[in-house]
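Below is one structure; the comments refer to it alone.
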Amino acid sequence: MARINDHYRKLRAGYLFPEIGRRVAAFHAENPDARLIRLGIGDVTLPLAIAAVDALRRAADELGTAEGFRGYGPDRGAYDFLIDAIRAHDYDARGVTVARDEIFVSDGSKQDSGNIQEIFGAGCTIAVTDPVYPVYVDTNVMAGRTGPGDERGRYEQVLYLPATEKNGFVPGPPEGSVDLAYLCSPNNPTGAVASRENLADWVAWARERDAVLIFDAAYDAFIQDPTLPHSIYEIEGARECAIEMRSFSKRAGFTGLRCAYTVVPQALTGSDADGARVPLNGLWARRHATKFNGVPYPVQRAAEAVFTPEGRKQTGEQVAYYMTNAARLREGLGGAGFRVFGGENAPYVWVRTPGGTPSWEFFDRLLSDAHVVCTPGSGFGASGEGYVRLSAFNSRENIDAAVERIRETFRS
Ligand SMILES: *Cc1c(COP(=O)(O)O)cnc(C)c1O
């Protein structure tokens, strides 16, 4: 008898995005002529930078020649040309040294942030912010670390740290101890960014409690304020307590192409059953070697091209385009009396619903009256109730039209 993994049954059945899809489809069926503007999705919309496209083409041509053909990648699946470009541009440039064997290239930060829990014991306790990127929680549910969930989608054994207006949507470390803490900055969904002080508090806490921080920096390229940290390793001592993840998805439009990486410093250890220290790098290397065969060569060349002068210019312009969208959402809705957060160093704007209207009720109103699709904040966690997330990933025309329609709908 093939007994199933019962923990999967504790998952809330794909609640948020399917429910949005259902409501949008129902609206569409009744209003076939309405032109919807979708500000709900967290996917990029601009085409791939030409520098990356050219690199893809060249690499594909190379693979079709006797001299240029390549099969499986090197030992850990990643070529040094990409590893060294990452080290130079994402780390050396910020005064952080990361060694080649500390970088693991993969096909996505979703996978990495979901898979990383495998190298930790089944008994490890976890903390997440609330609202939260659901992957961190769901993968721990699947692994049996969370206990049962309640009807609001909260799991008994997970420590939720509320991200609220009071703490600027950036919670500090908890009073108690947990083994793993997931942080995401710039944040999806709130658009808030952790300050240097906040991250220093987290690092001090993790070192004192012997906890591991899992730092997801998928949106670091959207940081505009030069005083804000891009990498957790900009904080003294983080190499002993933090794993970091970055992705080419949002910074360079690779959501379809797929390339990301995870940094596991050599100095970072966990403990075995006898309390002996074990480097986590070796464990992740082993997992990577056993379960993954690397990112396609042309995709690694395309990722490398993101760091060339042309690639940086082109992807920089894309980020600037989205950030202008975010500013227009902020200003347009803020000027109409909405309380808006985020959107200054992140492509997401976190909007307080008027009068504390429940997130889904506000979602329905935006859909039916403004023909705009948002993401209900409550779908990311209990503390997201009374907020919605608007995405800046869209055309300028759609952003401006959406702002105008929302203003019109709520003109009182
Ligand atoms: C989009 C996103 C990622 C990136 O995922 P990929 O698998 O690299 O596309 C990672 N973390 C968060 C919080 C995200 O929103």
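One-based numbering, in listed order, for ligands and for the atoms of each. The shown structure was predicted, so the numbers you read here are calculated from the model rather than taken from an experiment. The first residue in the sequence is number 1, and the count goes up from there.
- Every protein residue with a heavy atom nearer than 4.0 Å to ligand 1 is included here: Gly108, Ser109, Lys110, Gln111, Tyr133, Tyr136, Cys184, Asn188, Asp216, Ala218, Tyr219, Ser247, Ser249, Lys250, Arg258.
- Using a 4.0 Å cut-off between charged nitrogen and carboxylate oxygen, Glu62 and Arg58 do not count as a salt-bridge pair.
- In this structure, the salt bridge (charged side-chain N to carboxylate O under 4.0 Å, His left out) partners of Arg3, at least two apart in sequence or on a different chain, are Asp6.
- Note on Asp92 versus Arg87: no salt bridge recorded, every NZ/NE/NH1/NH2 to OD/OE distance being 4.0 Å or above.
- Partners of Asp54 under the salt bridge (charged side-chain N to carboxylate O under 4.0 Å, His left out) rule, at least two apart in sequence or in another chain, are Arg57.
- Using a cutoff of 4.0 Å between basic side-chain nitrogens and carboxylate oxygens, Arg301 and Glu304 are scored as salt-bridged.
- The side chain to side chain donor-acceptor pair (under 3.5 Å) contacts involving residues 209-223 comprise Tyr136-Asp216, Ser177-Arg209, Asp210-Arg277, Tyr219-Lys250, Tyr219-Tyr348, Asp220-His230, Asp220-Arg246, where partners must be two or more places apart or lie in separate chains.
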